[in-house]
Amino acid sequence: MKKGSKDRVLLHRFEKSRLSVSRFCLREGIAQAGFRRLLAESVHELKPGSGFFQAISFVETRQGWIPVVELKS
């Protein structure tokens, strides 16, 4: 298996796991720094409308606090 396809499989397993990066790396026995670099490089390969989001503020509603997010490309 080529390195690119191994990386895609690893990223897919990470997405399916719903774990934090640190827990996923611990479970897989891989270095966090290298995996975070792989995640950063994969941002350019994401489909439109998907990506990494960062909460920039919160709005209080009757249902509770809702984060207002900004897409980080």
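Side chains included, hydrogens not; waters and symmetry mates left out as well; all remaining heavy atoms used. Just so we're clear, the structure is a prediction, and the values are computed from it rather than from any experiment.
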Handout entry: From CA spacing to verdict: side-chain contact (heavy atoms from CB on, under 4.5 Å), Asp7, Phe35
Key = CA-CA 9 Å; Asp7 291 345; Phe35 187 68; over 6 Å; no
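- For Glu60, there are no side-chain hydrogen bond (donor to acceptor under 3.5 Å, both in side chains) partners two or more places apart in sequence or in a different chain.
- With rounding to the nearest 0.5 Å, the separation of OG in Ser20 from CG in Leu26 is 9.0 Å.
- Under the 30°/60° scheme for interplanar angles, the aromatic rings of Phe14 and Phe24 are found to stand perpendicular.
- In this structure, CZ on Arg8 lies 11.0 Å from CG on Leu38, to the nearest 0.5 angstrom.
- By the side-chain hydrogen bond (donor to acceptor under 3.5 Å, both in side chains) test, Ser17 is found to be paired with no residue, residues two or more places apart in sequence or in another chain being considered.
- In this structure, Cys25 SG and Leu10 CG are separated by 8.0 Å, a value rounded to the nearest 0.5 Å.
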For residues 27-34, which side-chain N or O atoms pair as donor and acceptor with protein atoms under 3.5 Å away, sequence neighbours left out?
residue: Glu28; atom: OE1; partner: Arg13; partner atom: NH2; Å: 2.2
residue: Glu28; atom: OE2; partner: Arg13; partner atom: NH2; Å: 3.2
residue: Gln32; atom: OE1; partner: Arg36; partner atom: NH2; Å: 3.3

